[in-house]
Each structure stands twice: as C-alpha cells, then as structure tokens.
Asker: 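Handing you this structure, nothing more for now.
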2 protein chains.
Amino acid sequence: MTTRKEAIVVAAAELFAEKGFSETTTAEVAEQAGVAHGTLFYHFKTKENILLEVFESIMARYQAGMEAAVANAGSGMAAIEALLRFQLAFVEENRQEYLVVLRDFPSYLANSDSPQKAVVQRRLAGVVGVIRQALERGRQDGTIRGDLPVEETAHILRGLVYGLTRHKLLGFLALPPLGEAVVDFCRQALQPAAGA
Amino acid sequence: MTTRKEAIVVAAAELFAEKGFSETTTAEVAEQAGVAHGTLFYHFKTKENILLEVFESIMARYQAGMEAAVANAGSGMAAIEALLRFQLAFVEENRQEYLVVLRDFPSYLANSDSPQKAVVQRRLAGVVGVIRQALERGRQDGTIRGDLPVEETAHILRGLVYGLTRHKLLGFLALPPLGEAVVDFCRQALQPAAGA
DNA sequence: ATCTTGACTGACTGCTCACTCAGTTTTTAT
DNA sequence: ATAAAAACTGAGTGAGCAGTCAGTCAAGAT
C-alpha cells in the first residue's frame, strides 16, 4: 500500500522532472498526488523539503547500484566499465526521477547553507569515492595505467558522465546513441600503454 | 560610454550568475544597474529577454574564441588540445557570466518553444560543429585514431567539458585543479594506438 | 518660442504562490 | 464504547513579483 506521503513524493518527482522545481507549484503537486493542498504541509515543513526527499530517494538507489556494480567486477578496469554501463542504464530506467537531480542540483542549493546542503554533499562525495576506489583497484591489478592521477581522474569521469547525461535528458540537441562509444573512449584513456 | 541598456545587461549577468534567473527579481536588477525599475521594461520586453541578451553576449565571444583556437592549431590533435585549454581558460576569465549559461541553459528553456530557443540551439550546435571539425581533421592528418566515431566523440568531449565546468563552478565538492589532467586524459583517449 | 520624440521614472496593479490554521475525519488505544 | 491522537482538509492570508502606464525631462527640429 502506498501512503499519502509516498504519493506526494512520486507526484513531486514527476512534476519537478517535467517543469523544474521553481516552476512547479505546491498546488499542482497536491492535485497530481490526489491530496489536499494542506496535506503537503502536514507531511513536509516546506516545499524544499519535498525536493530533498525526492533527491534522497533516488540517490540512495543510485549509490547502491554503483556499489553493486563495482563489487561484481573482476578487475579495476572492469569495475569502471561496469560503472559506466550502470550509469547509462540507470538513467534510461529512471529517466524521470533522474531529471530532478540534473535540473535542480547542485545549482538550487548552491547559495544556501541549510542542513539540506550537507545531505546532498555527502551523497555526491560518496559517488566520487566509489569511482576513486575502482581506479585505485585498477592501478594495483595493472588494468589501469599506473601514471594516472587517481583523484583528478575520478572527478573527470564523474564530470564526463554528468555532462553527457545532462545533455541527453535536458539538451536541445539530438544526441546519437552513445553507449559503447563512451565505454570505448574511457577504456582507451585509462588502459596501460600497449608496450608497457 | 556605457549606455543604460548595457548597464542592465551587466547587472543582470552578475545577479543571474550569483543567484540564478528565477531567484533574481527585476527590482534587484534595476537597483544593481542604478536604473529605475520601469527602465528595464523600456529596453526589454520581458525578464526572459534580458536573460537571452546575457546569453548571447557571452556565447558570441565563446564561439569566436573556439574558432580562433582551432584556426591556429597545427594538427587535429593540437586543435582538440587547444579547444580544451581555451575552455579551461575562458571559464576562468569569465567565471561570472559563464555561470549564467551553466545555471539556466538549457534547462530553463527546455519546455518552451519560443523563438529564443532557436537562438540558443543554433549556438550550441555551432560549438559541437567546431569540435567535430577538429576531430575530422585529426583523423585525416593521422594525429587522431582512425577508428573513432566522430559525431559520437564530439558529443562525448562536449559532455566532458560541460560536466567538469559545471562541477567546478556550481558544485558542492572542492575539485583539485584539473587543467593538464583533462588534456592528458583526452589525448590518451584520442591518439592512435602505439603500434599502428 | 513651440513641437516632437525618445529615454526614463516609480507608484501602482493584479496575480501567483507558499504556507497557516481551525475544524473534520480516521485510526489507534483502552 | 470512548477517548485521544494522528491524518487530513481547503478556504484564507500576506508577501512578493513581473509588467504597466501616466507623466517628467532633456535634446534636437522647425
């Protein structure tokens, strides 16, 4: 059974994804959820708190998926490839909710120092951490170039994936399907030199 | 001499960069520009039109810079490297105005089909075009792997650069300086195999 | 001197929207 | 059954905001 509170989060995710946070009114969220306007504020103190709940519900699943992908991989390079494929698939399957993350984070909270910001920050740091661990593992088992700066590369990979996803879901330009091209591109950049 | 209209665009760029479009009021823009509130609407029909003017003024310079970087390069690979370095430098030097682009495009106009959208679309397509030409040139002069899918890779590079820039300017996480690491990463991914 | 025009002003308007609260219904405990 | 607590409701409120408009002012043009 779905509680009212869950219904609100689902409705908010749909609308925030479609129109963005600022452009969605609480009245619309209530209507979409089939709930009175006041009920929103019984369950959530503010509109922003609804956004945060949507963010948490998707990011928890996302990070868990990343960790599973890494755990099942046989080498560091395989882990990186698994992460890339997971990302591409996750976005495909959770297009709508993922849009919320892309649209309103981190820009929306950029200039506030609410406790909410700390929650978001922790999540994002977790994601970079998973990538970094995979890179370190690859350096040790020799499937990834030894001269690669790990911290920097982890951020580069995250930036790459983020930018592509953003263009795919929010961009004006039609993108060709990029799945394997991305994996190839990264493999090429990360693998040890042929004659080494 | 700076006209009032220019003063408005400069003020709007500062505020939109700092707080975002939706979170900035026209009254604030007027005050920052040292102009009466009504003057905004004498020069611009709507608030959105001010945003568009800010966008155009920065993107025109940006695209011109990209084209210059490519023109002065001695090979395809050198062109790509020049593009990457240009991007990193441009963002550094135009941090504030570039923030406007990152914050509010393309997400803000995503669901409108105003004529404004077409303007933005043309700009972005132009950027991808410059990258694609550099890649093709590299394939022909042999400085870039021949088996690389050009269209796909152009989008990957744009995504990479966009994602990194966004994290740098808007992100919650402190990034290490990435300049040369990015260039190395891409060179590695693009260069022909050693034994070819 | 008088007229015209274009830049500029700021009080005002009408509307939107997040949030409140006094009251009702439903659930749970005893 | 009864009381108490929790969930829910929706009309209302007040703040904030984009855009308007009647009018001022200064600089040419006649």
Side-chain angles (χ1 to χ4, degrees), chain A residues 1-55 100 103-105 107-117, chain B residues 1-55 100 103-105 107-117:
Chain A
M1 146 224 173
T2 56
T3 66
R4 306 284 251 230
K5 192 171 177 182
E6 284 161 1
I8 291 169
V9 172
V10 170
E14 284 171 28
L15 292 168
F16 291 167
E18 192 184 326
K19 324 195 323 175
F21 177 71
S22 298
E23 287 71 32
T24 301
T25 70
T26 49
E28 288 167 335
V29 174
E31 195 191 346
Q32 175 97 355
V35 146
H37 191 199
T39 307
L40 299 192
F41 298 93
Y42 175 76
H43 289 292
F44 300 94
K45 209 164 181 312
T46 66
K47 186 188 176 189
E48 242 179 67
N49 281 354
I50 302 177
L51 176 63
L52 193 66
E53 181 94 3
V54 171
F55 177 82
V100 179
R103 254 187 207 282
D104 295 307
F105 293 88
S107 106
Y108 186 73
L109 292 174
N111 284 11
S112 81
D113 48 357
S114 49
Q116 314 184 335
K117 183 169 170 175
Chain B
M1 146 223 172
T2 57
T3 67
R4 306 285 251 229
K5 192 171 178 181
E6 284 161 1
I8 291 169
V9 172
V10 170
E14 284 171 26
L15 291 168
F16 291 168
E18 192 184 325
K19 325 194 326 173
F21 177 72
S22 298
E23 287 72 33
T24 301
T25 70
T26 48
E28 288 167 336
V29 173
E31 195 191 345
Q32 175 97 355
V35 146
H37 190 204
T39 307
L40 298 192
F41 298 94
Y42 175 76
H43 290 292
F44 300 94
K45 209 164 182 313
T46 65
K47 185 186 176 190
E48 242 179 67
N49 282 353
I50 302 177
L51 176 63
L52 193 65
E53 182 96 0
V54 172
F55 176 82
V100 180
R103 253 187 208 282
D104 295 306
F105 293 89
S107 106
Y108 186 75
L109 292 174
N111 284 12
S112 81
D113 48 358
S114 49
Q116 315 185 333
K117 184 170 168 173

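Fair warning: this is a prediction, and the values are worked out from it, not measured in the lab. Each chain gets a letter, A, B and so on, in the order its sequence line appears, and its residues count up from 1. Computed over heavy atoms, backbone and side chain alike; hydrogens, waters and symmetry mates excluded.
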Asker: Under a criterion of less than 4.0 angstrom to any heavy atom of chain B, what are the 5'-terminal and 3'-terminal contacting nucleotides of DNA chain D?
Answerer: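 The footprint of chain B covers dC17(D) to dT20(D).
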
Asker: Calculate the interatomic distance between E23(A) atom CD and dC17(C) atom P; express it in whole Å.
Answerer: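 Result: 10 Å.
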
Asker: In Å, rounded to the nearest 0.5 Å, how long is the span from CG of L40(A) to CG of N49(A)?
Answerer: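 Going from the CG atom of L40(A) to the CG atom of N49(A) covers 12.0 Å.
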
Asker: Do you know which two heavy atoms are closest between A17(B) and V100(B), and how far apart they sit?
Answerer: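 Taking A17(B) first and V100(B) second, the nearest heavy atoms are N-CG2, 3.7 Å.
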
Asker: When you measure from the side-chain N and O atoms of T26(A) to the phosphate of dA18(C), is any distance below 4.0 Å, counting only OP1 and OP2?
Answerer: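 True: T26(A) side-chain N/O within range (under 4.0 Å) of dA18(C) OP1/OP2.
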
Asker: Quick check: closest heavy atoms across I8(A) and A33(A), and the distance to 0.1 Å?
Answerer: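 Closest pair (atom of I8(A), atom of A33(A), distance): CA-CB, 4.0 Å.
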
Asker: In this structure, how many angstroms lie between the C1' atom of dT9(C) and the NZ atom of K5(B), rounded?
Answerer: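 Atom-to-atom, K5(B) to dT9(C), this comes out as 18 Å.
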
Asker: Starting at CG of L15(B), measure out to OG1 of T26(B) and round the result to the nearest 0.5 Å.
Answerer: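 Those atoms lie 11.0 Å apart.
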
Asker: Can you measure K47(A) atom NZ to dT16(C) atom P for me and round it to whole angstrom units?
Answerer: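 After rounding, the gap between these two atoms is 15 Å.
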
Asker: Could you state the atom-to-atom distance from CD of E28(A) to P of dC19(C) in whole Å?
Answerer: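 For the pair E28(A) CD and dC19(C) P, the rounded distance is 15 Å.
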
Asker: For the side chain of A36(B), starting at C-beta, report the closest nucleotide among dG10(C), dC8(C), dC17(C).
Answerer: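 Taking heavy atoms from C-beta onward, the closest nucleotide is dG10(C).
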
Asker: Under 4.0 Å, heavy atoms only, any strand: does T25(B) hit a base, just the sugar-phosphate, or nothing?
Answerer: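 Since only primed, P, OP1 and OP2 atoms lie under 4.0 Å of T25(B), the category is sugar-phosphate.
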
Asker: Whole Å only: how far is the OH atom of Y42(A) from the P atom of dA18(C)?
Answerer: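 Those two atoms, OH and P, are 22 Å apart.
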
Asker: Output yes when at least one side-chain N/O atom of R4(B) is less than 4.0 Å from OP1 or OP2 of dG6(C), else no.
Answerer: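 False: R4(B) side-chain N/O out of range (4.0 Å or more) of dG6(C) OP1/OP2.
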
Asker: Between atom CZ in F44(B) and atom P in dC8(C), what is the gap in whole Å?
Answerer: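 Going from CZ in F44(B) over to P in dC8(C) covers 11 Å.
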
Asker: Any chance you could measure R103(A), atom CZ, to S22(A), atom OG, to the nearest 0.5 Å?
Answerer: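 The distance works out to 10.5 Å.
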
Asker: Examine K5(A) relative to F44(A) and say whether NZ or CZ is less than 6.0 Å from the centre of the six-membered ring and inside a 45° cone about the ring axis.
Answerer: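 Yes, K5(A) lies over the aromatic ring of F44(A).
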
